[in-house]
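Read the structure below first, then the notes.
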Amino acid sequence: MYQLMRQDAGAEVAIQIVLDSLDSSHSKRHLRESLVWHRNTAQTAINKAVVQHYTAHLREAGLSPATINQKLSAIRKLAIEAADNGALDSQIANGIKAVKGVRREGTRTGNWLARRVSTTLRH
């Protein structure tokens with residue numbers, strides 16, 4: 001399927017387990033896109049540095065923090081599953097789990113009401 005970790009059945013099993021466990025079609029797509037990026041950039045392994053590099057790539061591409069964080073969540077889940085199936089060293093998986101999500105900054109859009117006004121409107 002994808003050259004993500006060691007080229008063995010454990011990596012393939014981990015990838016399929018994670019894909020099967022994801023309910024959201026968006027999460028599945030995010031994971032597949034991450035794996036394609038990994039393959040296309042000729043990465044030979046996955047580790048914390050690679051995931052951080054991928055995060056930087058996503059930021060440069062202009063993706064929203066929410067989308068980036070969804071992609072990172074899918075990668076973290078894959079790392080855990082791969083470690084559980086012997087396809088990834090548990091220390092590497094822990095490093096990947098430690099990659100922080102992208103902080104959401106800026107101002108909220110929309111019309112935000114003060115507590116007093118919103119309480120009045122509900123009654």
Side-chain angles (χ1 to χ4, degrees):
M1 184 186 251
Y2 300 98
Q3 180 183 358
L4 178 63
M5 295 150 274
R6 294 187 308 238
Q7 289 184 344
D8 61 15
E12 299 300 321
V13 168
I15 292 167
Q16 195 57 54
I17 288 171
V18 172
L19 286 171
D20 290 344
S21 71
L22 295 171
D23 292 329
S24 166
S25 61
H26 296 292
S27 295
K28 289 179 183 186
R29 180 176 42 94
H30 290 317
L31 182 57
R32 286 186 180 111
E33 289 171 357
S34 302
L35 295 169
V36 168
W37 173 87
H38 185 270
R39 183 185 62 216
N40 290 342
T41 57
Q43 302 292 329
T44 57
I46 186 167
N47 54 40
K48 185 176 181 179
V50 169
V51 175
Q52 290 171 327
H53 179 65
Y54 181 58
T55 303
H57 164 77
L58 296 173
R59 281 183 178 156
E60 290 170 9
L63 283 119
S64 73
T67 300
I68 294 171
N69 290 335
Q70 286 178 331
K71 290 178 183 289
L72 291 176
S73 179
I75 292 169
R76 287 185 200 105
K77 188 168 187 171
L78 176 60
I80 293 165
E81 198 61 50
D84 288 348
N85 284 281
L88 186 64
D89 181 78
S90 61
Q91 282 187 308
I92 294 172
N94 287 334
I96 293 169
K97 283 178 15 184
V99 173
K100 299 215 184 285
V102 176
R103 202 168 162 197
R104 297 177 190 194
E105 297 178 352
T107 58
R108 293 181 183 177
T109 58
N111 189 10
W112 295 88
L113 301 174
R115 179 181 293 264
R116 186 179 59 194
V117 175
S118 65
T119 304
T120 304
L121 291 175
R122 278 190 265 165
H123 294 286

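Along the sequence shown, residues carry numbers from 1.
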* Asked: With distance as the sole test, does D89 use its side chain to make a donor-acceptor pair with the main-chain N or O of Q91 at under 3.5 Å?
  -> yes

* Considering residues, nucleotides and ligands other than N40, do more than 12 of their heavy atoms fall under 6.0 Å from its CG? -> yes

* To do: Kindly give the heavy-atom pair with the smallest separation between A79 and A93, and that separation in Å.
  => O-CB, 3.5 Å

* Straight-line distance of H26 NE2 to L31 CG, nearest 0.5 Å -> 15.0 Å

* About how many Å separate CD of E33 and NE2 of H30, when rounded to the nearest 0.5 Å? -> 7.0 Å

* Taking C-beta and beyond as the side chain, do K100 and L72 meet within less than 4.5 Å on heavy atoms? -> no

* Spacing of I17 atom CD1 and D84 atom CG [to the nearest 0.5 Å] -> 8.5 Å

* Asked: Nearest heavy-atom pair of R76 and G101: which atoms, and what distance?
  -> NH2-N, 3.6 Å

* To do: Consider only side-chain heavy atoms of I, L, V, M, F, W and Y, link residues closer than 4.5 Å, and tell whether I80 and L19 are in one cluster.
  => no

* Asked: Of the options K77, Q16, E81, which is the one that meets S21 in a side-chain hydrogen bond (donor to acceptor under 3.5 Å, both in side chains)?
  -> K77

* Ignoring hydrogens and angles, tell me if any N or O in the side chain of S73 forms a donor-acceptor pair with the backbone of N69 under 3.5 Å. => no

* Are the side chains of V102 and L58 in touch, meaning some heavy atoms are under 4.5 Å apart? -> no

* Asked: Does the H38 side chain pair with the main chain of V51, one donor and one acceptor, at a distance under 3.5 Å?
  -> no

* **I75 side chain reached by I46 side chain, heavy atoms, under 4.5 Å** => yes

* What distance separates N47 CG from Q52 CD, expressed to the nearest 0.5 Å? -> 9.0 Å

* To do: Would you name the heavy atoms of A74 and V18 that are closest together and state the gap between them?
  => O-CG1, 4.5 Å

* Minimum side-chain heavy-atom gap L63-K71 below 4.5 Å -> yes

* **Distance, nearest 0.5 Å, that separates OG of S34 from CD of Q70** => 11.0 Å

